[in-house]
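Naming convention: chains lettered A, B, ... in sequence-line order (proteins, then strands); numbering from 1 in each chain.
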2 protein chains.
Amino acid sequence: MPEEPTSIWMRPERGARGPAPEHSRAQIAAVAIDLAIAGGLAAVSTRQIAKALGTGPASLYRYVATRDDLIDLMHDAVTGEVDLSVPLTGDPVEDLLSLAVRTKDLYLRYPWLLDVPVERNRLGPRAADYLEYALRALQHVPMTGRQKLEAISLLNGLVALFAHIEIQERRTPTARQAAQTAYQAQLAADGRHPLIADAMAHSPLDPPDNARQSFERMTRRLLTGLGLPG
Amino acid sequence: MPEEPTSIWMRPERGARGPAPEHSRAQIAAVAIDLAIAGGLAAVSTRQIAKALGTGPASLYRYVATRDDLIDLMHDAVTGEVDLSVPLTGDPVEDLLSLAVRTKDLYLRYPWLLDVPVERNRLGPRAADYLEYALRALQHVPMTGRQKLEAISLLNGLVALFAHIEIQERRTPTARQAAQTAYQAQLAADGRHPLIADAMAHSPLDPPDNARQSFERMTRRLLTGLGLPG
DNA sequence: CCAATACTGCGATCGATGTTCGCAGTATTC
DNA sequence: GAATACTGCGAACATCGATCGCAGTATTGG
């Protein structure tokens, strides 16, 4: 009888019989998050986590069925850091905008979140609270349930896009980006891409105020574009 | 003297000396793309490509320095499929919207594109043509070069988001998603997330017309929100 | 014309990854 | 106190990206 695959959130954290587990999902998630902060998502490997816990890789599989479960754990843990006690004003656009700002902060705090495949967005208990909160902001908006879910999905995507741009601007360039820049310089030199050359020639950074206003303006536009009153 | 890392596009496809290569970047890209279509990005491995070419994995490294180069190759190859011969009307919003539609078609045709890490968007020759085209649409818009590049980046992100939603709706659910749905049903049942329960209960699919109009409306709003005349 | 040169093909191999198996040990249940 | 259902984990497997070194081949320079 083959085990049918289920979400980690449907399995009990521990069974009722045997010895008490020496670790916990929360502890494993915390260790994994530390690894991700230090070395990106790619640095989150069963062996590294096991080493940090002082155990072997096989032990992890008592807590987690697969590496994806591990990422679910991490994702849900940091999602729980978003403050959902902020009271809703009743204005859907402003409420979601405020949530979007807090969400973007989360991305800036945990850049590896941007590397979590979107497809993989299974929601755990904390993400469910998040989603419930967002739906509460939309409670009296005349949209179908599916439309609301899509709107929230798009909103999160937009937040991720802005976060991505901000992070990229802030980080010191990697070897990859250096190579990229070199090739773009060559492109610019060959004369067949004058506009690329031009766009890259003089590029003053936007003042942070601009970026912030731009983010808020875009978010509002997205939301009203989706049919929210505003 | 350690080889400094450079983009694949800066290295010549073949040297001037030795025997003629038995394969080519284009051929390798084509094989890799076939693998990606069949099994997703994860199925694109040096060994599988080598097998498809009837050679060993080590041989590939005569054409490509790293797996990322391989993905650059794939990305640039399919980017070349976007029709850039469509004449620009002079209306930036409409021109970019039209480009966005063609780009979304590309995503729908090659769903694995959504799994290519955004960070990794090194542009090759064909992507450069694409970018030049987009910049041409923005030529007479009063924005800094950086702002234009960010606008195009955001536009592509939005396109990817919509493509992602469309693909998700069209695909038959994976085991992952089934598990996800089961957990959501449980969430709905426990009564603490009434809005999630509600949103998932009755969810008629939007007619395609709606989705299409929604995409076009959102794109327009994004562009005007970024400061384009409209 | 031929040696030096700079390339190509690729078998063998390395280190790291996710995951599985089986067994010894431990707490709960009947 | 035996059956049961767990936990911990060493050993191992398949697969991955990547490297090394050598044999073979086309071009170059004298």
Side-chain angles (χ1 to χ4, degrees), chain A residues 1-3 5-6 8 11-25 27-28 31-32 35-36 38-74 115-117 120 175-176, chain B residues 1-3 5-6 8 11-25 27-28 31-32 35-36 38-74 115-117 120 175-176:
Chain A
M1 183 156 169
E3 296 264 347
T6 72
I8 187 175
R11 293 188 297 272
E13 169 136 20
R14 57 161 301 190
R17 279 308 208 332
E22 297 177 2
H23 311 289
S24 69
R25 288 181 182 173
Q27 184 189 5
I28 291 175
V31 166
L35 285 173
L41 249 203
V44 177
S45 72
T46 51
R47 274 166 241 265
Q48 291 306 315
I49 295 176
K51 185 185 295 179
L53 291 173
T55 179
S59 305
L60 276 187
Y61 285 83
R62 291 283 173 215
Y63 301 86
V64 142
T66 172
R67 194 191 118 107
D68 275 1
D69 277 357
L70 207 58
I71 295 177
D72 284 346
L73 242 38
M74 297 167 65
D115 297 329
V116 175
R120 251 214 58 283
R176 253 202 117 63
Chain B
M1 188 154 162
E3 295 265 345
T6 72
I8 187 176
R11 294 189 297 271
E13 170 136 19
R14 56 162 302 190
R17 284 293 221 286
E22 297 178 0
H23 313 286
S24 69
R25 288 180 182 173
Q27 184 189 5
I28 290 175
V31 167
L35 285 173
L41 247 204
V44 177
S45 72
T46 50
R47 274 167 242 264
Q48 291 305 316
I49 295 176
K51 186 184 296 181
L53 290 173
T55 178
S59 305
L60 276 187
Y61 287 85
R62 292 283 174 215
Y63 300 87
V64 142
T66 172
R67 194 190 118 107
D68 275 0
D69 277 356
L70 206 60
I71 295 177
D72 284 345
L73 243 38
M74 298 167 65
D115 298 329
V116 175
R120 251 212 59 281
R176 251 201 120 62

If a pair satisfies side-chain hydrogen bond (donor to acceptor under 3.5 Å, both in side chains) and one of its residues is in residues 53-66 of chain A, list it, with sequence neighbours excluded. A/Thr55-A/Ser59
Could you tell me which non-hydrogen atom of A/Pro57 sits nearest to which non-hydrogen atom of A/Arg47, and how far apart they are? CG-CG, 3.5 Å
Please examine the side chains of A/Leu53 and A/Leu60, heavy atoms only from C-beta on, and report whether any two atoms are closer than 4.5 Å. yes
Out of curiosity, A/Leu73 CG to A/Asp68 CG, how far, rounded to the nearest 0.5 Å? 12.0 Å
Residue pair B/Arg176 / A/Asp72: nearest heavy atoms and the distance that separates them: NH2-OD2, 3.3 Å
Output the distance between atom CD1 (B/Ile28) and atom OG1 (B/Thr46), rounded to the nearest 0.5 Å. 11.0 Å
Is there side-chain contact between B/Val44 and B/Ile49, with at least one heavy-atom pair below 4.5 Å? yes
Nucleic acid footprint by protein, nucleotides 5-11 of chain D - heavy-atom cut-off 4.0 Å, B for base, S for sugar-phosphate alone: BBBBBBB
For A/Arg11, side chain to side chain contact (heavy atoms under 4.5 Å, CB included) partners two or more places apart: A/Thr6, A/Ile8, A/Arg25, A/Ala65, A/Asp69
Got a sec, which residues hit side-chain hydrogen bond (donor to acceptor under 3.5 Å, both in side chains) with B/Glu22, two or more places apart in sequence or on another chain? none
What integer distance in Å separates B/Ile28:CD1 from C/dC10:P? 12 Å
Using a cut-off of under 3.5 Å, enumerate the N/O to N/O pairs linking the protein to nucleotides 16-18 of chain C.
| unit_1 | atom_1 | unit_2 | atom_2 | d |
| --- | --- | --- | --- | --- |
| C/dT17 | OP1 | A/Ser45 | OG | 3.3 |
| C/dG18 | OP1 | A/Arg67 | NH1 | 3.3 |
| C/dG18 | OP2 | A/Thr46 | N | 2.8 |
| C/dG18 | OP2 | A/Thr46 | OG1 | 2.8 |
| C/dG18 | N7 | A/Arg47 | NH2 | 2.6 |
| C/dG18 | O6 | A/Arg47 | NH2 | 2.6 |

What is the distance from atom CD of B/Gln48 to atom OG of B/Ser45, rounded to the nearest 0.5 Å? 4.5 Å
How bent is the helix from C/dC1-D/dG30 to C/dC30-D/dG1, comparing axes over its five end pairs at each side, to the nearest 10°? 0°
